Amino acid sequence: MTSVTSLTSAVHQRLASALSAALPENADADPLLRRSDRADFQANGILALAKKAKANPRELATQVVEHVVTGDVIRSVEVSGPGFLNIMVTDRAIMENLAARAADPEGRLGVPYAERPGTTVVDYAQPNVAKEMHVGHLRSAVIGDSVVKLLEFTGENVIRRHHIGDWGTQFGMLIQYLDEHPHELDHQSAEVTGEEAMSNLGRLYKAARKLFDSDEEFKTRARRRVVDLQAGDPHTMALWQKFVDESKIYFYSVFDKLDMEIRDEDIVGESGYNDMLAETCRLLEESGVAVRSEGALCVFFDDVKGPDGKPVPLIVQKSDGGYGYAATDLSAIRDRVFNLKADTLLYVVDARQSLHFKMVFETARRAGWLNDDVTAYQLAFGTVLGEDGKPFKTREGETVRLVDLLDEAIERASAVVREKAQDLSEEEIAERGAQVGIGAVKYADLSTSANRDYKFDLDQMVSLNGDTSVYLQYAYARIQSILRKAGEARPAARPDLDLTEAERALGLHVDAFAETVREAAAEYAPHKLAGYLYQLATLYTSFYDKCPVLKAETPEQVENRLFLCDITARTLHQGMALLGIRTPERL
Ligand code: ARG
């Protein structure tokens, strides 16, 4: 395992020992190091310390400066303002650090593994059987996929769970209809496309609904069918399975379009917990966590009340004996904690379900299934808005089909690629168009903090300027083209050289990749990585504008600049991969 000590940590260590030498009674004080515009780093921790020690902050800062070891990593340290420290690092330290990152035999740029990895179950990408996927499902899939990748990259043991909606009373109507029209889901040919599967399901749903609303006898038969389903009647289950299988064809086609790997064994839908529901209720009732109220099994909370001031309970079992969404989620918690042995449960689910999860988690804590060592967290995401700032709908007010949206993104992106492309074949344009279009959609989602709403604006998403994935992909492709043009010259770090401002800024930022990944993973915050990558591309652009690479003054400088290009590209590639976005070699 080769991790590289980042410059931030190296500077931090030196400042922390200087601090404890100057103030021995505060040996573990934090210098509070930040990246800064004025210097490479700024330390702000002395003000608070001086206050505590009743000392003059500038005097204390001056004392600290005297104790700082300079030379290898730190080039200079100065007192600034009311008692800050401005720190510059040496050019050599920057290049040596980057060289060590480039040489990482595991190819992970010296990013360390977490010290104590655990087991996290990530619940994401959970569409519903026999229903069209919409933008809400897009967000869960895109954010979840990136969080999974980030966690796995830090060495966490990740178990994926796609809690699809495959159970409930609505299936009674569908199954009954299929039973009465048995050839509806029989396929003539072996190959059914996702589109066809969804249109079959849509047609069936409409027909079943129509009958259900107009024909009382069908309604009665459909209701009886729900009972058969819950009892696990084999014929009914076989029909239900047909809906699940048909839906999976559709789901996989969408995930495929999204360039996302979803594995069959990770799809454990609501029905997967059927066998646990009765026991979950029994455990909750016996422990007194849940109580019977008007026939239903309920859990009450002091702070959850309806508009009339009356408490609104979490209903674990309805008065007719039926189990709902809460019973399933509580059973899933038991499965994830006791069978899968997870210590963290993460739910990537719409913020509109936050009250549900708050009550479910609190119930599980009262039952002792969750505690200080085994925790659950909802990574709640906001709503996707249309250009009018309202939840994204078609002009007719219908929810937008995810597939249509993705197709349009790919089409727009292909136009952008075609316009810029000089030597790409039609086939390449189609392939790049998909990578750019899907990347644009993912990046727009991941570059704002998950809990915020965002506007779905395709024009902005595929724009070449600004904070878009296309901008990052072009930066990457441009670097690859320079590396191809380099001919005999090879990238090589030259720590003896003096660096320019632009080279220093780029180098320092590349070095900060490791800590950015750690932070983004620890906080489930892909937007922090996206922001980092955007800045990386921006710093690269200004480096490229100011520093000729292939026409640099000396062969050593050419090599060193090629090295900076190369490690920037590798960092972009790795970072984008963690967001689930491709970086084509040519664009
Ligand atoms: N299928 C649900 C929906 O479409 C999301 C499921 C979220 N996960 C869970 N464990 N409840 O809204």
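Whatever order the structure lists them in is the order used to number ligands and atoms, beginning at 1. Here the structure is a predicted model, which means the values were calculated and not measured. Along the sequence shown, residues are numbered consecutively beginning with 1.
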Are His163 and Tyr273 near enough that their ring centres are under 6.0 Å apart?
yes

Which atom pairs, donor and acceptor, lie under 3.5 Å between side-chain atoms of residues 137-145 and protein residues at least two apart or in another chain?
unit_1, atom_1, unit_2, atom_2, d
His137, ND1, His134, N, 3.2
Arg139, NE, Asp445, OD1, 2.9
Arg139, NE, Asp445, OD2, 3.3
Arg139, NH1, Gly382, O, 3.1
Arg139, NH1, Ala450, O, 3.4
Arg139, NH1, Arg452, O, 3.2
Arg139, NH2, Asp445, OD1, 3.0
Ser140, OG, Ala125, N, 3.0
Ser140, OG, Gln126, OE1, 2.9
Ser140, OG, Val348, O, 2.8
Asp145, OD1, Lys149, NZ, 3.4
Asp145, OD2, Lys149, NZ, 2.8

Can you name the ring pair (Phe, Tyr, Trp, His ring centres under 6.0 Å) partners of Phe300, sequence neighbours left out?
none

In short, Val349 meets Gln378 closest at the heavy-atom pair O-NE2, 3.0 Å

Taking only residues two or more places apart in sequence, or in another chain, which ones meet Asp228 in a side-chain hydrogen bond (donor to acceptor under 3.5 Å, both in side chains)?
none

Centroid separation Phe153 to Tyr113 less than 6.0 Å
no

What does the list of residues with a heavy atom under 4.0 Å from ligand 1 look like, ordered by chain and number?
Asp123, Gln126, Asn128, His137, His163, Tyr325, Asp329, Tyr347, Val349, Gln353, Phe357

